[in-house]
Number of protein chains: 2
Amino acid sequence: MLPTQSSDFPAWYGEVVRRAGLAENTAVRGAMAIKPYGYAIWEAIQRELDQRIKATGHENIYLPLFVPVSMLAREGELVEGFAPEIAVVTEAGGRRLEEPLAVRPTSEAVIWATYARWLNSYRDLPLLYNQWANAVRWELRPRLFLRTSEFLWQEGHTAHETEQEAVAEALTILHDVYADTIENVLAIPVLRGRKSESERFPGAVETYTLEALMRDGKALQVATSHYLGQGFARAFDVRYTARDGSEQHPYATSWGATTRLVGGIVMAHGDDRGLRLPPRVAPQQVVIVPIVRDDDRTVVLEAASALADELRVSGTRVRVDDRPEHRPGFKFNEWELKGAPLRVELGARDLAAAAVTTVRRDTGEKQQIPMAGAADAVRELLADVQATLLQDGREERAQRTLRDPAGYHELIAYLREARGFAEAPWCGGSECEARVKADSSATIRSLPLEDGPGSGVCICCGRPAVTEAAWAQAY
Amino acid sequence: MLPTQSSDFPAWYGEVVRRAGLAENTAVRGAMAIKPYGYAIWEAIQRELDQRIKATGHENIYLPLFVPVSMLAREGELVEGFAPEIAVVTEAGGRRLEEPLAVRPTSEAVIWATYARWLNSYRDLPLLYNQWANAVRWELRPRLFLRTSEFLWQEGHTAHETEQEAVAEALTILHDVYADTIENVLAIPVLRGRKSESERFPGAVETYTLEALMRDGKALQVATSHYLGQGFARAFDVRYTARDGSEQHPYATSWGATTRLVGGIVMAHGDDRGLRLPPRVAPQQVVIVPIVRDDDRTVVLEAASALADELRVSGTRVRVDDRPEHRPGFKFNEWELKGAPLRVELGARDLAAAAVTTVRRDTGEKQQIPMAGAADAVRELLADVQATLLQDGREERAQRTLRDPAGYHELIAYLREARGFAEAPWCGGSECEARVKADSSATIRSLPLEDGPGSGVCICCGRPAVTEAAWAQAY
């Protein structure tokens, strides 16, 4: 039996990840082995992100894993931010290296050292590049997918003529690449916003973020997009000849999404029976379980196989679970644990009725549908599962968002119990931010993308508010 | 101007890689930056290999970059083979590590430590997994794509019940994944064979190899597939309960193909004007160059754009090069350098004739084709370019293969001048192999997959031959 979410969410998470065959720990602390089922989910995420990254005009490149420590140190905030997490190669090819090499925690340093070679004229701008890579940040408290010493990700790095263009780029990525993928493919609703100064990426002028609610009431930062100003261009002396003939530094962005998203899918959709995968990322969207007796095995298995072929032709990822050593009930449980969106049961009784029985993973709803036209019906059911998961997430977030708490005590009590997001006016002061954190362990997850006129008074200090903030406990 | 192939092949190679925008060196010795055009070629190779890897029943996984040094050392031949090339992380998270971590030179050690957890019963077999990853092998004499300290690759690792199955797996990969991709997608003909003992992968019982002829007469090993016997299973104590209830070690294979293939495309197809890309891997299969004058700019650009749309709909990758700052002649040279398989010129004269002018990169052949039905004609032309490149490669290899040299001196003279492959009977002795190498710098690139009855006498020592060997100088 799985632990329940309400009794012990972290234990539930760990067991689901392990038993569903997503990933496991290895001999290297914090470095995980991603198993076939987990990797297939990541491949679906990659495919969807990569399409959108290319559709918005970016090309893929690949830059080195190793960064000379002196290169990493050229942008002060970056190296300060990542220093505690860096892994260092000191020996290679049987010798001690003259200069130690950091294993990339992120590639701003390498990319800007490279852009110094690639950028000459305003005609070369914008530079719109992305890479799919691994990165290493040493973790003291690792959790599979959520915080791992090595993770997989894409990291985009762009350079622009104007601040306005660079900010627009960072927001295009936030909305058209990340939010579109995470809401419409992963079926996870997101809050779109900005980070407060204390939560910004090292070296960023502005960090845009997507925050999602997990089923334990905590928030997960699912993707970030940074407007970096001219800091990296200055640090790496990247200049170009502008339209007016002057020498200028370009404006930068960077943005990334990681294997953490797989953990987000588990925690946003999972229930006490295991995973619930959105059809668009499910390795198997439909699992057909043949219900056979000794005398009808051949005819049932043939019908299952024919149905599978029909579904495949219509573009559905399907598997027939015909393992002879397991009974149907065992398979039902296993595919519920693994979160297959739709189960199709097919036995002699269904065949006699020229029908199949479908069971939705999201709602548990069971129905018999005619065999004729089953492919279309299955496609519609899958679309409905996809939409329902997103809608459920939206409703849950609405229910779990405390708007305008009556006072500081209500805010703190709500946050301390991790009941969800709390939105309240904030004065913009880091003292108030720190006080809420000290009192509740919660942090400001996001600020509105556009500052409205500050209304009301800060929930914490009573001074005039400059913005609304969304707080939550976070991963 | 490019250096010519005949005057200085290495300089020609370096300049083509650089000027065509494939890759460049970085601050870390031997680690390259793969640029957008080069990476797009690699993505095409990845797509094709990944399809075939999955079609032959394998799933993708991801295992850690770091391998504890003691884990790497468990298989003696492996660690001995790779020790001189290993990069070692000794510090992480601000502390000295208790045990240093090797950056994976290959993942046999990690995978077999993992299979020890994954494998219990014969029912779990075969294990058929692959990963896309980076790997690090410190290079003293790096060359872009061909020998780099970090490279990208896929590495497959499988486990089987019987030796026969494992050998069949290694050969399936050699033929159906690698040779099929390299011949039919990369248009590079390959010799399929086995390595002699001295050239085998560390820890392998048998290394199967694909060897291709480059245009300087040297051979490039383009992919290898290894039958590993039970050595890794024993070293990592991987056992399973067999059908008869006994405990058994499984039989292993591993196989990999790397970014080196991009270099192979350059050296197998390139000519003195630059790259010649096979259409199936070309980032742009067709480049449309509008020929405009002041008075017809709009109508010509519109026609070019309409043609591009039509070609895209028919599945062709196409780019309209409408850069106003460059003249057509400049663009012709640039796209010849970058190896676009087909150039389409479109000017007022073509429009008046309701036609377009096509120029093949492989043959230089120029023809006018009717605008109506241009998409089909272009598809046929591209198919013909693809077929012609492979056919040319086959003919060149046939011409550059010396069969049955009259004696040792002819063999050595031929090999020393790197005129191509030389095939001759060999006694199987490592002394003869070493002698040829000492006299000519050439090595045995491959032995036939199946030993025929040895015929004739060894070209080197005159004793009875056990097999035919194919020698060449090699990258």
Side-chain angles (χ1 to χ4, degrees), chain A residues 23-24 26-28 31-40 42-43 50 59-68 71 83-95 97 100-101 103 110-111 113-114 117-118 123 129 131-134 136-140 149-150 152 259 283 323 325, chain B residues 23-24 26-28 31-40 42-43 50 59-68 71 83-95 97 100-101 103 110-111 113-114 117-118 123 129 131-134 136-140 149-150 152 259 283 323 325:
Chain A
E24 64 184 26
T26 68
V28 175
M32 63 180 166
I34 307 181
K35 301 179 78 171
Y37 200 65
Y39 198 83
W42 176 240
E43 283 182 306
D50 195 64
E59 293 178 290
N60 286 335
I61 58 173
Y62 186 78
L63 294 175
L65 172 69
F66 296 147
V67 194
M71 184 188 283
E85 303 175 4
I86 286 173
V88 185
V89 174
T90 55
E91 297 164 28
R95 294 184 175 195
L97 293 171
L101 299 171
V103 184
V110 182
I111 201 90
T114 303
R117 295 193 300 271
W118 291 3
R123 285 200 189 85
Y129 299 122
Q131 76 174 0
W132 290 95
N134 51 350
V136 170
R137 299 179 189 171
W138 214 247
E139 280 290 349
L140 295 178
S149 293
E150 180 188 1
L152 304 182
T259 32
R323 291 174 293 172
E325 68 269 30
Chain B
E24 63 185 25
T26 68
V28 175
M32 64 180 165
I34 307 180
K35 301 181 79 172
Y37 200 66
Y39 199 82
W42 176 239
E43 282 182 306
D50 195 64
E59 293 177 290
N60 286 335
I61 58 173
Y62 186 77
L63 294 175
L65 172 69
F66 296 146
V67 194
M71 184 186 282
E85 302 174 4
I86 286 174
V88 185
V89 174
T90 54
E91 297 164 25
R95 292 181 176 199
L97 293 171
L101 299 170
V103 183
V110 182
I111 202 89
T114 303
R117 296 194 299 272
W118 292 2
R123 283 200 190 86
Y129 299 122
Q131 77 174 357
W132 289 95
N134 52 351
V136 169
R137 299 179 189 171
W138 214 248
E139 279 291 348
L140 296 179
S149 292
E150 179 189 2
L152 303 181
T259 32
R323 291 174 293 173
E325 69 268 29

- Query: Where does A/V136 contact chain B at under 4.5 Å (heavy atoms): side chain, backbone, both or neither?
  - Reply: side chain
- Item | Contacting region of A/F66 [heavy-atom separation from chain B under 4.5 Å] | both
- Answer with side chain, backbone, both or neither: which region of A/L152 has an atom nearer than 4.5 Å to a non-hydrogen atom of chain B? side chain
- Heaviest contributor of heavy-atom pairs below 4.5 Å to chain A, chosen from B/E43, B/M32, B/M71, B/E139, is B/E43
- Query: B/R117: what forms a side chain to side chain contact (heavy atoms under 4.5 Å, CB included) with it, not counting sequence neighbours?
  - Reply: A/E24, A/T26, B/T114
- Is there a donor-acceptor pair closer than 3.5 Å between any side-chain N or O of A/E91 and the backbone N or O of B/V89? no
- Region of B/Q131 that comes under 4.5 Å of a non-hydrogen atom in chain A: neither
- Task: Mind ranking B/A83, B/P283, B/P64 by heavy-atom pairs under 4.5 Å with chain A and telling me who comes out on top?
- Result: B/P64
- Message: Report which part of A/W42 has an atom under 4.5 Å of a heavy atom belonging to chain B: side chain, backbone, both, or neither.
- Response: neither
- Task: Give a yes or no on whether the backbone of A/Y37 and the side-chain of B/E59 come within a donor-acceptor separation of less than 3.5 Å.
- Result: no
- Could you look at B/V110 and say if it's the side chain, the backbone, both or neither that has a heavy atom under 4.5 Å from chain A? neither
- Interface moiety of A/R123 toward chain B, non-hydrogen atoms closer than 4.5 Å: side chain
- Please determine, among A/G38, A/G94, A/P84, A/A113, the option with the most heavy-atom pairs under 4.5 Å with chain B. A/P84
- Item | Any side-chain heavy-atom pair of B/T90 and A/T90 under 4.5 Å | yes
- Interface moiety of A/L65 toward chain B, non-hydrogen atoms closer than 4.5 Å: both
- Bottom line for B/L140: the part with an atom under 4.5 Å from chain A's heavy atoms is neither
- Query: Would you call B/N60 and A/P36 a side-chain contact if the rule is heavy atoms closer than 4.5 Å?
  - Reply: no
- Note on the structure: Looking only at B/V67, B/L63, B/I86, most heavy-atom pairs under 4.5 Å shared with chain A are made by B/I86
- Message: At a heavy-atom distance under 4.5 Å, which candidate from B/A31, B/P68, B/G93 has the highest pair count against chain A?
- Response: B/G93
- Heavy-atom pair count under 4.5 Å with chain A, highest-scoring of B/W138, B/Y129, B/W118, B/Y62: B/Y62
